[in-house]
Structure formats: structure tokens, C-alpha cells
S.K.: 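Pasting in a structure now, in C-alpha cells, and then I'll have a few things to ask.
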Amino acid sequence: MRREPPRQPKRLPPLLRKEGSLWIAVALTTLMLLSACGGAKNAGNSATPVPMRVVTDDLGRAVTIPVKVTRVVSLAPNLTENIFAVGAGDRLVGVTTFCNYPEQAKAIAKIGDTMTPNMESIIALKPDVVFVSTASQIEAFMKTLEANGIAVYVTNPTGTVDVMRNLKALGEIFDTQKVSDDLIANLTQRINAVANLTGPLASHRERPTKVFIQISKEPLFTIGNKSHLNEWLFNAGGQSVTENVDTAYPKLSKETASALNPEVIILSESDDNKEPNDAFKNSPAVKNGRVYKVNADLLSRPGPRLVDALEQIAKDLHPEKFK
Amino acid sequence: MLLIGGLLFLLLAIVLAAAVMLGAERLPLFDLSEQQRSILYDIRLPRILLGACVGASLAVAGAGLQSLLRNPLAEPYLLGVSNGAALGTMLAFVFFQSLEITRPLLAFAGAGLATVAVYRMAKSRAGMNVERLVLSGVIVTTFLSSVIVMLTTLLDAAKLRSFTFWLLGDLSQATVNGVYLSFGAVIIGTIILMSQARALNLMMVGERDAFDFGVEVGRVRMLVFGASSLVVGAAVAASGSVGYVGLIVPHLVRLIVGSDNRLVVPFSAVAGAIFVVFADTIARTAIAPRELPVGAVTALIGAPLFIYLLRRN
């Protein structure tokens, strides 16, 4: 009787054996990657080349973008507001978790916050351009995006002049110059209207009303002369009592705060900044009830709403002139 | 000893006087205006007194923990006790914003829990050695730090800003009530620690030896942990995490008076007060009218000083 030979497993074709499955995975992945790369190349080079143009961002870098920009990501809440303001909000495919204005911005895909945006989410959205104001390790961040064929436009507007320039540049990028020009004309006219009532926009003269801008109550933060709000306040007809502090947002000594005797206190209103610091309890501002609140978002996000805040504060500072 | 004690108190008086006279605003010695009186009594003095209480608190806690754990590196900041208190304060801030009294209470609870956690992790059947203790402290500290970072990330941006500043140690939020609370805590804490000084002296030799001498080891341990958590909780709730005070002050004191805890504990309290008031005077005036966080100044002085002490021994 023949002994049955030990049962041997049926030999599978090499690719289906156990060790083969790994190879399949590798091969498939490579294939997919190759085709993806090839696809991108084809789109760029052959059949219908996307017409490109070159614009210059705030860092002076030449940025190559499509003539027709259709998909963009904004990494700062004020840039989101500005893009909406020039009539291109519908082309935003990604914004930050901070972007809560206008209302439509809340519905757009979130890619993290300004300082720590998520690279993978951004790339997955396949934007033409990413608008960046700042980010941690911005150099490396820009390199990675550009290596993935995504244009990076750096702009960080601060004062009203910057905002106007930013709106103009955005109008050109999105080809919505009509909207942006009208907006700029409107904003300029409103700023001038305020200036006509509060006095000329010169930075040398003194304003009679001494104002303290409180950014946070505890610890006490305010503005110095490097903040755009210094000039903004001047245009509204007030003079910052901390304008000789040589930085943007200093933590101020309460002793100094108490000695400053502001006539008006403006609160950049947020959860932890709803009333003046105790150091001001004897100041003319508190004694005369001249404490005004402005939504912190308006002050911290240079965009068209900075002019809304300008009008509001000009009226608060000079009620007699706005009748 | 009397001489050294006298000198230490003299030094405290000098530093306090200098701190009262120096500040972002220049005040005259006499004839203060109403506003200047307000600056002095409402802002400067509470801050100086709070600084003194915080310094004394951290230094006695360091002295007590170092003797109890027979470890020169035992210190509220390194052992995670400060971070435990910081997390407690933060939770109180997030969940009971209007109830300020919850901050020191939760800070105390956090400090206590962190202390017990470190102690439990460090103690093995073979007893407790230096490496295990420091390692446990580092683990608890980094774990609590990451919880704090997670919380600050989840909070909105405005709150985050005040917390990052506070975490570095900041005395600018001193209030008169805060001073009373810290003062009460440091008096009670120091009295408890001094009452255990003799037992601590024996425990420095070894827990078993202390036991043979009739020391109730478990009770001493509980009292020292409790007192340290009390003072550190009060200090952190008032001023955030001020580092290095609990580490270098008891070391310096031992260098001068020897290792008898009946002297080390009270002298550390005075020396700790001197150190923090001195550091905070720098923090208040160096870049006036702006301010530095006091924790940055204590670390800037404390770290090189500790390295010097390390090389000396």
C-alpha cells in the first residue's frame, strides 16, 4: 500500500501567496502613486495647459497662480473676511477654526488654526492658492505646499492702509476688481468722513482725548506704538496713553496703568475682558463712565470691519460731532 | 544662630524696603497724592507681600519634602506638585469662573494628589531611592503639563494668553484677599512643618531608624505632604508656577545653618521670601512700564546658582 505523501499545500501563484500579498500592496500603491503623478503632469503639460500668471505677495515673492483662481484656502480669519468682502467667498474651500465671519465661513471645511494648520487637510483640498498671514515654521510650511504644486500667497495686513492694499490685491487675484474697487472707495469715503469730524489724519498732532485700550484685564495687556490700533485710535480722534511703549501688545505695569489717568477706556471685548482692570478704579474714565467696548474680533482682524470699529469709537469719543 | 537669624531678618527688611521704594512708577517718600497712595497700597504693597508669602511657601515646602524624602532634588516644581496645583487652579477657572475661592481649594487638591501619586510611584518594596523619586516626579510633571497644554488648546485664544503668562509665574494679579489667604496658608504650613522638625531630623537618617526612635513615620509623612500641598496650593493659585525657589533656598540655608530642620524650615521661609521679593522687584522694574513673569527671573537666577551649588558639593 502506498503511503499517502504528506499533504502539501497547493502552491498558489506567487502573487497570491502570503508573502506575495505584501508585494501586491506595494505594487498597487506604486501604481496609484505613479498614475496620480502622471495625472497631475498631464493636467499641467499636455492637452489643456492651465494658463498661469505671476503676482507678487507682501514678502515680495513672485507667486505663480492660475489666471482663473477657483479654489483657495485661507489661514487667517481676517484674510477669510477680506476674501468674502471682495466677492470671492464662494471660492474658499478651506478656512481655519477661528474663521467665524461672515456666517457662510462657518460652513467651509476647517483645516486647523492659524498657527498649526493641518498640511494633509490642505493638500487634500487641492487649492490653487493658500493665503497665509503667519504660521509656526512658516518657511518649512511654504516649501512643503509649493513642493505639492500649491501656490502660497503671504500677506499680513495690519493698518487700514494695508487693508486697502490687501483688498486691491485680492480683487486682482480673484478677478473681482469691480467689487474690490467699490469696496475700497466706500471704505475710504467712510474713513474720510470720520476724519472730517475728528480732525486731519496726521500722526504728529496731539488728540485731546486720552484713551487706554485694554486688550485683556488680568494680566493687564494693552497696545504699544507697534500695534496698528495706535494709528486706528488716532484716526478715530483719540490718543493712546501707551503710545510711547515700544512694542505691539505689552503686558503693562498696573502702577503705570493707574498713573496714566485715561479719560476713556476701550475694552477689546472678549470673555476675559469685559470690565476695566482695578488699577483704573480712580481714573477719570471709570469715574465718568467713559468705558466703551468693541468686539475683539473687529480690532484683532485687520479687514473692512476695522472701519466699522473706527466709526463706532469715533462716535463714542466725540458724541457731540456725530449728531 | 541668633546672629544668622538676625542678619536674615535684616536682609528681609532691606529687600522689602527696596521693593516698596522701587517700581514702574516713582513715588515720593512723603506727602503722597491720593493716586500715589492708591498705587502704593492697592497695587505695589499687596504684590510685594504676596511675593513674600509665595517665596516662603515654596521654600518651606521644598525644605520639608527634601528632608522627608531624603532627597536633595525634592522640590514642588520638580516633583509635579506645582503642576498639580496649576491644573487644579485651571479646572477651577474653567468650571467655576465666578467662584474665586475654588481656585486655591482645587489647587490644594491638585497639589495633594500629585504628591501622593509621585510618592506611590517612587516607593517600591525595596524602599525609595533617589532615581525612582526623580523619575516619578518627571513623569507626573510631564503628564500634568500635557494635560495643561491640552486644556489651554481647548480654551479659546483670549483665555489661553492669560494662562500661558500665568503658568510662567506672575504676581501681577495680587489682591489683598489673595495676600490674606497665602499668609494664612504659609503660617499654618510652617507651624505644621516646624512641629515635625525633630521627627524629620530623625527621618533624614532613615525611616526605619526614625521608627526605632519612636517616630510615627506614617503620621509625619501625612502631615508633611499635607502642609506642603497646602502652601504650594495657595502659592500656585495666587501666582502660577514659580520655579527653583523650593530647590535652591533650602540648599543655601543648609549651607549656612546645617541640616537641623528646626532651623532649616523657619530660615527657609525667610530666605524664600527674600528671594521671591527680590526677583519680583526685577520683574516689575527691569523693562518698565512692561513686566516680566517672575518665574522667568527666579529660573534665570536659580538655575546657575543650583549648578554652582552642585559643583561645590
Side-chain angles (χ1 to χ4, degrees), chain A residues 76-77 96-98 100 112-116 212 214-226 241-261 267-274 277-284 286-287 295-297 299-301, chain B residues 20 22-27 32-48 93-94 97 100 153-178 239-240 280 283-294 296:
Chain A
T96 71
T97 49
F98 298 149
N100 55 2
D113 63 35
T114 302
M115 288 314 286
T116 54
F212 183 89
Q214 182 175 298
I215 299 293
S216 89
K217 184 186 172 208
E218 291 285 6
L220 180 61
F221 276 91
T222 182
I223 63 157
N225 54 29
K226 298 254 167 43
V241 286
T242 48
E243 71 172 357
N244 53 3
V245 181
D246 230 5
T247 177
Y249 299 98
K251 173 176 184 275
L252 195 74
S253 160
K254 288 185 188 173
E255 299 183 6
T256 305
S258 174
L260 285 171
N261 287 328
L267 304 175
S268 165
E269 192 181 11
S270 59
D271 275 350
D272 60 349
N273 197 37
K274 289 183 180 299
N277 190 291
D278 287 343
F280 294 114
K281 65 178 186 218
N282 295 319
S283 68
V286 170
K287 281 184 173 159
N295 183 342
D297 287 351
L299 298 181
S300 63
R301 300 177 181 178
Chain B
V20 171
L22 296 169
E25 289 302 305
R26 187 178 284 247
L27 300 180
L32 277 76
S33 71
E34 195 193 332
Q35 183 171 45
Q36 288 166 333
R37 291 173 66 85
S38 167
I39 290 178
L40 182 61
Y41 293 115
D42 297 339
I43 300 171
R44 195 179 293 178
L45 269 180
R47 179 166 177 167
I48 293 168
F93 188 86
V94 175
Q97 184 148 16
E100 272 189 42
T153 314
L154 294 176
L155 292 173
D156 69 61
K159 281 180 191 164
L160 188 136
R161 178 183 46 210
S162 44
F163 265 116
T164 45
F165 214 90
W166 175 82
L167 281 173
L168 288 171
D170 175 28
L171 285 163
S172 77
Q173 298 175 42
T175 58
V176 177
N177 285 340
S239 66
D280 190 47
R284 288 189 291 125
T285 55
I287 55 165
R290 296 161 61 197
E291 288 184 343
L292 295 164
V294 64

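Naming: A, B, ... by sequence-line order, numbering from 1 per chain.
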S.K.: Check each atom of B:A288 against the heavy atoms of chain A and say whether the ones under 4.5 Å are side chain, backbone, both or neither.
M.R.: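 Neither; nothing under 4.5 Å.
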
S.K.: Hey, what do you get for CD1 (B:I39) to CG (A:N282), rounding to the nearest 0.5 Å?
M.R.: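 Rounded to the nearest 0.5 Å, the CD1-CG separation comes out at 10.0 Å.
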
S.K.: I'd like to know if B:R290 and A:D246 make a salt bridge, using a cut-off of under 4.0 Å between side-chain N and carboxylate O.
M.R.: no

S.K.: Between B:R284 and A:E255, is the closest basic N to carboxylate O distance under 4.0 Å?
M.R.: yes

S.K.: At a heavy-atom distance under 4.5 Å, which candidate from A:A259, A:A296, A:P250 has the highest pair count against chain B?
M.R.: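 Most heavy-atom pairs within the cutoff with chain B belong to A:A259.
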
S.K.: Applying salt bridge (Lys or Arg N to Asp or Glu O under 4.0 Å), can you list everything that pairs with A:R301, at least two apart in sequence or on another chain?
M.R.: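 By the salt bridge (Lys or Arg N to Asp or Glu O under 4.0 Å) rule, A:R301 matches A:E81, A:D297.
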
S.K.: Charged N to carboxylate O below 4.0 Å: is that the case for B:D42 and A:K281?
M.R.: yes

S.K.: Side chain, backbone, both or neither: which part of A:T247 has a heavy atom under 4.5 Å from chain B?
M.R.: side chain

S.K.: Ignoring hydrogens, what is the shortest heavy-atom contact between B:S172 and A:E218? Give both atom names and the distance.
M.R.: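 Smallest interatomic distance, heavy atoms only, reads O-OE1, 4.3 Å.
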
S.K.: A:D278: what forms a side-chain hydrogen bond (donor to acceptor under 3.5 Å, both in side chains) with it, not counting sequence neighbours?
M.R.: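 With neighbours one apart ignored, the set is empty.
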
S.K.: Looking only at heavy atoms and a cut-off of under 4.5 Å, which of B:S38, B:G23, B:P289 has the most pairs with chain A?
M.R.: B:P289

S.K.: Let me confirm one number: the CZ-OG distance from B:R47 to A:S253, rounded to the nearest 0.5 Å.
M.R.: 7.5 Å

S.K.: Identify the heavy atoms of A:K254 and B:I43 that sit nearest to each other, and give their distance.
M.R.: O-CD1, 3.5 Å

